[in-house]
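Right, one structure below, let's go through it.
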Amino acid sequence: MVDEVLSIINPKPNQTFLDMTFGAGGHSREVLRISPDTRVIALDRDPLAHSYAVELQQSSESTVLPLLGKFTDIERLASDVGIQPGTVDSVLFDVGTSSMQFDTAERGFALSRDGPLDMRMDGSRLPDQPSACEVVNLLSENDLYHIIKKYGEENKARKIANMIVESRYAYGRIETTQQLANIVKSVFDIEYKKDKMQRHSHVATKTFQAIRIFVNNELNELSNGLEMVHRLLKPGGVCVVLSFHSLEDRIAKRHFHGINLEDEPNMSVRDHYRNSKIAHSMDAVTQIMEKCWKPYSKKVITPSDSHCKENPRARSAKLRAAYKLEVNKYNI
Ligand SMILES: C[S@@+](CC[C@H](N)C(=O)[O-])C[C@H]1O[C@@H](n2cnc3c(N)ncnc32)[C@H](O)[C@@H]1O
């Protein structure tokens with residue numbers, strides 16, 4: 001959805017564009033093609049993606065500032081290169097894994113390629129960050145259940161967590177993506193099932209997604225990152241979030257539109273309203289969040305049918321955008 005993203009960002013000379021997910025630099029390069037005099041700040045937590053941003057900086061006539069770090073490092077990193085709060089014109093989060101990460105078996109993201117169970121977007125640069133291997137082998141059955149249920153929205157989470165722990169006892173450490181895929185597969189009678197969009201997806205897809213989200217703390221990163229970029233944006237500046245699954249889209253929606261209790265998983269609206277104290281505090285949170293952003297559109301933007309035919313992977317893409325309102329309520 002590059003065209004949609006660019007038409008919302010609408011880059012102009014002397015403006016500052018913050019690419020929070022540089023990856024292979026597809027979006028940043030398009031911004032510079034349209035507007036070479038836009039300054040691009042290129043963040044990524046992945047050292048390989050960062051090296052591409054450095055290459056772009058060295059080969060381009062434009063101003064490119066490569067930053068290595070996570071969304072939640074952005075205020076510190078931006079300040080280190082002289083970017084002050086309230087000075088950025090546009091921001092893009094194109095969240096999820098890049099094809100460079102997914103297609104490299106050694107990174108351990110893909111269940112279709114056998115590799116070590118790793119899944120760390122930062123590679124090994126942060127010594128304290130656990131890999132997928134440590135998560136799968138060291139966490140309790142109950143913790144694994146919660147991760148697979150919450151981040152994978154997997155109905156068979158309980159059985160899968162149990163099977164992982166049984167396999168650890170029976171066969172020792174689970175080291176590879178194929179071992180984990182086979183353990184999950186043994187809980188199902190089939191290898192592939194149809195997803196909501198009637199595609200055939202491997203039965204371990206949701207479990208892999210859940211573990212990846214946990215390893216990289218992806219949902220907290222996005223939520224806290226949105227608060228930080230709000231402070232960096234100018235009033236009237238725009239933030240775009242392009243996501244590929246519902247958990248991330250829900251976070252963007254919460255920030256840009258406020259909380260809709262009807263949308264909250266595992267949460268009964270009636271239960272909340274039974275306790276008026278909670279209902280009151282939820283109302284207050286909603287109001288504060290709504291005053292931070294003015295949504296670009298009421299509804300989520302999805303790719304056209306023709307776009308999906310050209311690029312089937314884009315089918316689950318969801319785009320939301322919002323403008324920063326004058327008053328920054330996050331600062332109170
Ligand atoms: C889908 S790719 C972006 C592709 C990019 N827009 C392009 O056109 O090439 C997502 C990128 O975001 C990075 N990423 C994901 N979560 C991040 C986080 N919390 N902090 C920094 N980078 C992150 C990943 O490392 C990955 O390179």
Side-chain angles (χ1 to χ4, degrees), residues 1-6 8-9 11 17-34 40-57 60 64-78 90-104 106-110 118-126 128-129 131-132 151 209 211-229 232 239-245 247-249 251-252 255 303 307 311 313-319 321:
M1 298 174 82
V2 180
D3 292 345
E4 287 87 344
V5 169
L6 288 171
I8 299 171
I9 288 173
F17 164 62
L18 169 55
D19 188 344
M20 292 290 280
T21 49
F22 182 80
H27 286 96
S28 283
R29 282 173 224 275
E30 277 302 297
V31 164
L32 291 175
R33 190 180 59 76
I34 295 175
V40 172
I41 308 169
L43 177 85
D44 207 293
R45 67 195 294 178
D46 185 327
L48 180 63
H50 178 66
S51 72
Y52 290 141
V54 172
E55 261 175 47
L56 180 62
Q57 179 192 40
S60 165
V64 178
L65 300 174
L67 302 177
L68 175 62
K70 298 183 285 187
F71 298 160
T72 47
D73 297 322
I74 188 59
E75 283 184 300
R76 177 178 56 78
L77 293 173
S90 52
V91 178
L92 171 65
F93 289 86
D94 174 14
V95 285
T97 42
S98 67
S99 36
M100 291 183 305
Q101 290 164 338
F102 212 75
D103 295 341
T104 310
E106 294 73 44
R107 303 291 304 264
F109 286 98
D118 190 323
M119 302 196 194
R120 290 171 297 178
M121 289 183 180
D122 308 85
S124 54
R125 94 188 159 84
L126 303 176
D128 293 342
Q129 191 191 9
S131 66
Y151 299 138
Q209 171 192 301
I211 293 168
R212 192 203 80 214
I213 289 176
F214 179 77
V215 164
N216 296 291
N217 197 12
E218 289 177 37
L219 303 186
N220 288 328
E221 274 291 312
L222 179 58
S223 187
N224 294 328
L226 280 165
E227 284 190 27
M228 290 191 170
V229 300
L232 289 172
C239 177
V240 179
V241 178
L242 185 56
S243 62
F244 286 84
H245 62 72
L247 295 170
E248 291 158 337
D249 180 56
I251 289 173
H255 278 262
H307 187 136
N311 177 8
R313 277 173 96 172
R315 242 185 306 206
S316 43
K318 292 187 165 73
L319 192 155

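Both counts, for ligands and for their atoms, begin at 1 and track the order of listing. Along the sequence shown, the residues carry numbers beginning at 1.
- Within the 4.0 Å heavy-atom shell around ligand 1 one finds G69.
- S223 contributes no side-chain N or O that, together with a main-chain N or O of L219, makes up a donor-acceptor pair within less than 3.5 Å.
- Put simply, the side chain of E218 never gets that close to the backbone of G96: no donor and acceptor are under 3.5 Å apart.
- Annotation for ligand 1: atoms under 4.0 Å from non-hydrogen atoms of D46 are 25 (O).
- Residue-ligand proximity: Q101 is placed with a non-hydrogen atom under 4.0 Å from ligand 1.
- Closest protein heavy atom to atom 15 (C) of ligand 1: M121 SD, 3.4 Å.
- A donor atom on one side chain and an acceptor atom on the other are not found under 3.5 Å apart for H245 and S316.
- The CG atom of L32 sits 6.0 Å away from the CG atom of L56 when rounded to the nearest 0.5 Å.
- When R107, K70, R45 are each tested for a salt bridge (charged side-chain N to carboxylate O under 4.0 Å, His left out) with D122, only one passes: R45.
- Of the protein's non-hydrogen atoms, E221 OE1, 3.0 Å is the one closest to atom 19 (N) of ligand 1.
- Checking only distances, D94 does come within under 3.5 Å of ligand 1, N or O to N or O.
- Between G26 and ligand 1, at least one pair of N/O atoms sits closer than 3.5 Å.
- Nearest non-hydrogen protein atom to atom 3 (C) of ligand 1 is T21 O, 3.4 Å.
- Under the 3.5 Å distance criterion, the side-chain polar atoms of E30 are left unmatched by any main-chain donor or acceptor of H27.
- No donor-acceptor distance shorter than 3.5 angstrom exists from the side chain of R212 to the backbone of M121, with no hydrogens or angles considered.
- Between the side chain of D44 and the backbone N or O of D46 there is at least one donor-acceptor pair closer than 3.5 Å.
- Counting the atoms of ligand 1 from 1 in the order shown, those under 4.0 Å from a heavy atom of G25 are 7 (C), 9 (O).
- Considering T97, D44, L67, D122 only, the shortest heavy-atom separation from atom 25 (O) of ligand 1 involves D44.
- The G23 neighbourhood of ligand 1 comprises atoms 27 (O), with distances under 4.0 Å to a heavy atom of that residue.
- Atom 22 (N) of ligand 1 has R45 N, 3.2 Å as its closest protein atom, hydrogens excluded (heavy atom only).
- Interface atoms of ligand 1 facing A24, defined by a heavy-atom separation under 4.0 Å, are 9 (O).
- Residue contact check for ligand 1: M20 places a non-hydrogen atom closer than 4.0 Å to it.
- Within the 3.5 Å criterion, the main-chain N or O of T72 finds a donor-acceptor partner in the side chain of E221.
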